[in-house]
Amino acid sequence: MSAHAHAPMRAHGPSAQDAAIALENLTVTYQRHPALHHINGCFEKGSLTAVIGPNGAGKSTLLKSILGLIRINSGRVVTSPQRKRIAYLPQQAEIERGFPISVFDCVLLGYWSRMGLFGRADAAMQQRTFEALAAVGLEGFERRPVGSLSAGQFQRVLFARILLQDAELILLDEPFNAIDARTTGDLLAIIRTWHGEGRTVIAVLHDYDQVRTQFPQALLLAREVVAWGDTGAVLSNANLQRAKAMAEAQDAHAPVCEVPA
């Protein structure tokens with residue numbers, strides 16, 4: 001693709017004036033092949049959005065682009081000036097659990113930005129940590145090492161840590177992968193609470209039935225935007241078939257995507 005052959009700007013999602021995050025012609029490449037290709041649209045403030053699509057569709061890449069964790073080749077991510085704090089939950093496979101730390105201290109790290117490297121947690125912070133653990137169903141687990149927990153218990157710990165961060169924008173990458181049904185239900189209830197509090201929540205998910213019942217908004221990706229908006233409309237059979245066809249048509253040996261520096 002030549003540097004002058006960009007796709008036309010297309011608006012997806014809510015209007016920019018209501019946006020917590022706006023994506024403007026966002027393109028990210030790996031080894032000069034597109035992982036995200038000319039993404040345009042907005043996540044509305046206070047929205048609850050599922051990011052879905054086939055394997056390799058760029059879903060995790062999108063979250064990392066919003067966070068600034070990977071290099072953007074062209075376009076930009078614009079965040080609301082009112083957004084003060086952001087919380088990010090990566091996939092469990094990306095988290096090192098061998099570090100010797102207790103459940104309590106792991107959750108307490110939600111106050112990291114306020115305590116600093118050598119700061120101390122005051123009584124109020126410690127009390128809130130106990131309350132966060134109780135909120136996720138882990139009361140009495142405070143002194144257990146995180147390495148001794150099941151996948152579901154550890155995910156509860158990470159949600160408790162997000163509770164302490166008090167973030168306005170929450171990004172979750174496959175939060176229910178390999179998690180038992182009871183834990184999934186409990187964590188979905190916490191997500192609904194965040195949504196009710198006006199926080200912006202974006203979650204990468206694979207369970208389309210779960211998306212239909214729990215997430216009002218959806219973004220269907222296949223490296224490009226297939227559909228973005230109300231979940232019922234996004235998850236139409238036509239859109240899902242189009243996303244599948246786009247994913248199957250992707251050629252790793254295709255010419256590289258040339259984008260401006």
Could you pull out all residues at least two apart from [X] that satisfy salt bridge (Lys or Arg N to Asp or Glu O under 4.0 Å)?
{"X": "R199", "result": "D166, E197"}
{"X": "E131", "result": "R128"}
{"X": "R192", "result": "none"}
{"X": "R76", "result": "E24"}

A side-chain contact here means heavy atoms from C-beta on lying under 4.5 Å apart; do [X] and [Y] qualify?
{"X": "N40", "Y": "L26", "value": "no"}
{"X": "E224", "Y": "M246", "value": "yes"}
{"X": "L187", "Y": "F176", "value": "yes"}
{"X": "F43", "Y": "L219", "value": "yes"}
{"X": "I70", "Y": "S65", "value": "yes"}
{"X": "L36", "Y": "L221", "value": "yes"}
{"X": "L109", "Y": "L164", "value": "no"}
{"X": "N25", "Y": "I39", "value": "no"}

Partners meeting side chain to side chain contact (heavy atoms under 4.5 Å, CB included) with [X] (sequence neighbours left out):
{"X": "A151", "answer": "Q92, I179"}
{"X": "D209", "answer": "D207, R212"}
{"X": "S150", "answer": "Q153"}
{"X": "L67", "answer": "L69, I86, Y88, L171"}

Mutual orientation of the aromatic rings belonging to F159 and W194 [parallel < 30°, tilted 30-60°, perpendicular > 60°]: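 Aromatic pair F159/W194 classed parallel.
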
Test side-chain contact (heavy atoms from CB on, under 4.5 Å) applied to I191 and L172, step by step: CA-CA 10 Å; I191 290 174; L172 309 170; 3.6 Å; yes

Audit row: L163, I190, side-chain contact (heavy atoms from CB on, under 4.5 Å) steps and yes/no: CA-CA 9 Å; L163 287 172; I190 292 174; 4.2 Å; yes

Pair T231-Q217, side-chain donor/acceptor within less than 3.5 Å: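 Checked: T231/Q217 side chains show no N/O donor-acceptor pair below 3.5 Å.
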
Modelled atom types, side-chain donor and acceptor of H37 and T27, under 3.5 Å: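 Judged by distance alone, the side chains do not pair up.
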
F130-F104 aromatic ring centre distance below 6.0 Å: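 Centroid separation for F130 and F104: below 6.0 Å.
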
Restricting to non-hydrogen atoms, name the atom on [X] and the atom on [Y] that form the minimum distance, rounded to 0.1 Å.
{"X": "T184", "Y": "Q210", "result": "CG2-NE2, 3.5 Å"}
{"X": "P145", "Y": "S148", "result": "O-OG, 2.7 Å"}
{"X": "A22", "Y": "C42", "result": "CB-SG, 3.9 Å"}
{"X": "H195", "Y": "P216", "result": "NE2-CG, 4.2 Å"}
{"X": "S47", "Y": "T49", "result": "OG-OG1, 3.7 Å"}
{"X": "L89", "Y": "P175", "result": "CD2-CB, 4.2 Å"}

Quick check against the 3.5 Å criterion: does [X] have a side-chain atom that pairs as donor or acceptor with the backbone of [Y]?
{"X": "R144", "Y": "L149", "result": "no"}
{"X": "R242", "Y": "V226", "result": "yes"}
{"X": "H206", "Y": "I52", "result": "no"}

Evaluation steps, side-chain contact (heavy atoms from CB on, under 4.5 Å), between F141 and V146: CA-CA 9 Å; F141 281 68; V146 294; over 6 Å; no

I need the full list of salt bridge (charged side-chain N to carboxylate O under 4.0 Å, His left out) pairs touching [range], with sequence neighbours left out, sorted by first then second residue.
{"range": "residues 169-179", "answer": "none"}
{"range": "residues 175-190", "answer": "R156-D186"}
{"range": "residues 50-70", "answer": "K64-E94"}

Under the side-chain hydrogen bond (donor to acceptor under 3.5 Å, both in side chains) test, residues paired with N177 that sit two or more places apart: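 In terms of side-chain hydrogen bond (donor to acceptor under 3.5 Å, both in side chains), with neighbours along the sequence ignored, N177 is linked to no residue.
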
If you round to the nearest 0.5 Å, how far is [atom2] of [Y] from [atom1] of [X]?
{"X": "Q126", "Y": "Y111", "atom1": "CD", "atom2": "OH", "value": "10.5 Å"}
{"X": "L63", "Y": "Q91", "atom1": "CG", "atom2": "CD", "value": "9.0 Å"}
{"X": "L108", "Y": "E142", "atom1": "CG", "atom2": "CD", "value": "12.0 Å"}

Test log, rule side-chain contact (heavy atoms from CB on, under 4.5 Å), inputs I170 and T200: CA-CA 6 Å; I170 301 169; T200 305; over 6 Å; no

